Amino acid sequence: MEFETIVFYALAVATVIPAFGVMMAKDIVRVAFWLLASLSGVAGLFIMLDADFLGVTQVLVYIGGILVLILFGIMMTHRDPVLVSADDDRRRSPFTGLLVSLMTFGALMGVILGTGWNVSGGLANGKLSGEPTAAPLGKALLTDYVLPFEIVSVLLLVVLCGAAYIARRGKDEEASNA
Amino acid sequence: MGDFFTLVDWAVEDAGFWGRLIGVVAVWAVPITVWVSVVGLFSIWLERKVSAHIQCRLGPMEVGPHGALQTLADGIKLLAKEDIIPQGADRFLFALAPILSFVGSFVVFAVVPFGPHLIIADLNLGIYFLAAIGSIEAIGVIAAGWASNNKWSVFGAVRAATQVVSYEIPLSLSLVTIACLAGTLSTIGIVESQAGWIWNWFLFRNPFMVISFLIFYIASLAECKRAPFDLPEAESELVSGFHTEYSGMRFAIFFLAEYAAMYVVSAMGAVLFLGGWYTGIEPLDSWLTTSPVLGNVVGALAIITKAFFLVFVQMWLRWTLPRIRLDQMMYLCFKVLVPVGMVVFMAAAFWQGVFGAPDLGGLGSKFGLAWFVVVVVGTTLWVKKTIRRTKGYASANFLEHQARLGHDVGVS
């Protein structure tokens, strides 16, 4: 077998098994660490598909940003900073879970099957091309997609200001209550 | 990504899966692991000597000349120590944490060039990769703090998370100015666009890069959790923070990861701002490029010297400055470094747009020369003034102290 094929299967396993771990683990911090493994696997898959920029972005945004924030949130909000096994089965309803997962599965499969995949790069020809992807992406963002790019920037700015405002107001109320 | 497979193919042609895997390990993983260990051993010894001399002590003197083998002895001691996992700890995460922490600082070595050809992977996303990978070490720290089942450790972990997430923003802002000046994200490309005389280095390229370098340096101190940003392990408040419960080999791995991270950010500072493997003397550099072997050897020496100088400054700061408070840490990040970083980025981009790519002899280069002179003269005057102000105070004290101890430490 080709080196790349074996690496692909290894990465696929490294993505799917931790994904099960995310569902099955009872301790919420363990869930976060399973997520770390799964997201790293996805980053590796992106790189194997010649989308190295996406792969590194996956690490930067999901592992460096979102996962650290999740862990931060858990530690800040948990009642006591010791391990708590969350074996509270009462809230779990198998039917809603099944319904939601079936709907998600259906929607995802619909999109996956309905997309005309461009299978020319990466593993499709058994070898990575190593073409740089950052420069074309940057060009596209600042020429063809400059309006969506700017709209997203303004949206993020609004979100940032809103978050600062909400946090600030809470602080003022506390100060006036005290 | 091209280099990744080219190098393996070159190492073991048609060797099948296992052959290629062994090739990957032999060509990169083993030499880099050895290098990381050597850097760790040397920097730990250096830290102890630097701290000792700053505090008018001698530091380790017994094992080897000037205690040079002390770290080795300590390493053997740590290997032999009992490995304790506290009761009620999350055993799996407890074991995983030092590994994650080490991997985070180890992987960055992939994009650090030691010479024109001495690089593991010349990713075309070099510095973007650097920004992305930096956070993995923080996840190791968080895992350690959480898994220890100890409130001091959790506090340390929460502080580490806050600090790393916050300081990634100013760090990225200073990386963006570099990308803007170099026109590439590849570390090799960045160094190559600093070729020529010393004032072609990005530090002197325009008046704003000195500030950008300071932002990079402060943010990298915070990312490494080095003093004055050592809040995650603050000994006086949190016992020793996230690694309170660690002993033996696991503790040693944390220690090694910290020193590897220090070295790697310093090497990146050298690559991004201080001309990487170039010596800064134009005729010498162009002569060195004619000989690949000599070019790589001298290049590696140049980059290692620059990196260790920056490591030395980190230690100097650690033993000089007191630890800052949590709110001061956030203030410095969001109210000082981020706005200044944004202004510097815009100003540097504007400068680059007006004066264009500064080829040798261009207007930008002439400015670089003038600015270089200003920076050097200014720094010299400032250092002289500081020495004059503290003369007969710190240095005299130090010498007197050494004389009383009856040791000659070779400081005149």
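Order of the sequence lines fixes the chain letters, A, B, ..., with proteins taken first and strands second; residue numbering starts at 1 for each chain. All values below come from the heavy atoms of this structure, side chains included, with hydrogens, waters and symmetry mates left out. In this text the structure is predicted, and so the values were computed from the model without any measurement.
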N/O donor to acceptor pairs below 3.5 angstrom from side-chain atoms of residues 156-167 of chain B, sequence neighbours left out:
| residue | atom | partner | partner atom | Å |
| --- | --- | --- | --- | --- |
| B/Arg159 | NH1 | B/Leu231 | O | 3.0 |
| B/Arg159 | NH1 | B/Glu237 | OE1 | 3.0 |
| B/Arg159 | NH2 | B/Glu237 | OE1 | 2.9 |
| B/Thr162 | OG1 | B/Val158 | O | 2.6 |
| B/Gln163 | NE2 | B/Ala222 | O | 2.8 |
| B/Gln163 | NE2 | B/Phe229 | O | 2.9 |
| B/Ser166 | OG | B/Thr162 | O | 2.6 |
| B/Tyr167 | OH | B/Met329 | O | 2.8 |

* Asked: Are side-chain heavy atoms of A/Thr57 and B/Tyr128 found at a separation under 4.5 Å?
  ->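 With C-beta onward as the side chain, the pair touches.
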* To do: Check B/Ala132 against A/Leu60 and note the closest heavy-atom contact, atom names and distance.
  => CA-CD1, 3.4 Å
Measuring from [X]:[atom1] to [Y]:[atom2], what's the distance to the nearest 0.5 Å?
X	Y	atom1	atom2	value
B/Phe129	A/Phe53	CZ	CZ	14.0 Å
B/Ile139	A/Leu67	CD1	CG	4.5 Å
B/Leu96	A/Leu36	CG	CG	8.0 Å

* Contacting moiety of A/Ile63, where chain B heavy atoms sit under 4.5 Å ->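 The answer is both parts of A/Ile63.
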* Take A/Phe33 and B/Leu100 through the test side chain to side chain contact (heavy atoms under 4.5 Å, CB included) and record every step on the way to the result. => CA-CA 11 Å; A/Phe33 280 94; B/Leu100 269 182; 4.1 Å; yes
* Do other residues, nucleotides or ligands put more than 12 heavy atoms under 6.0 Å from the OH atom of A/Tyr62? ->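 Atom OH in A/Tyr62 is not crowded, with 12 or fewer foreign heavy atoms closer than 6.0 Å.
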* Asked: Side chain, backbone, both or neither: which part of B/Ile142 has an atom under 4.5 Å from a heavy atom of chain A?
  -> both
* Residue list, side-chain contact (heavy atoms from CB on, under 4.5 Å) with B/Thr184, at least two apart or on another chain ->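 B/Thr184: side-chain contact (heavy atoms from CB on, under 4.5 Å) contacts with B/Ala182, B/Ser186, B/Ile190.
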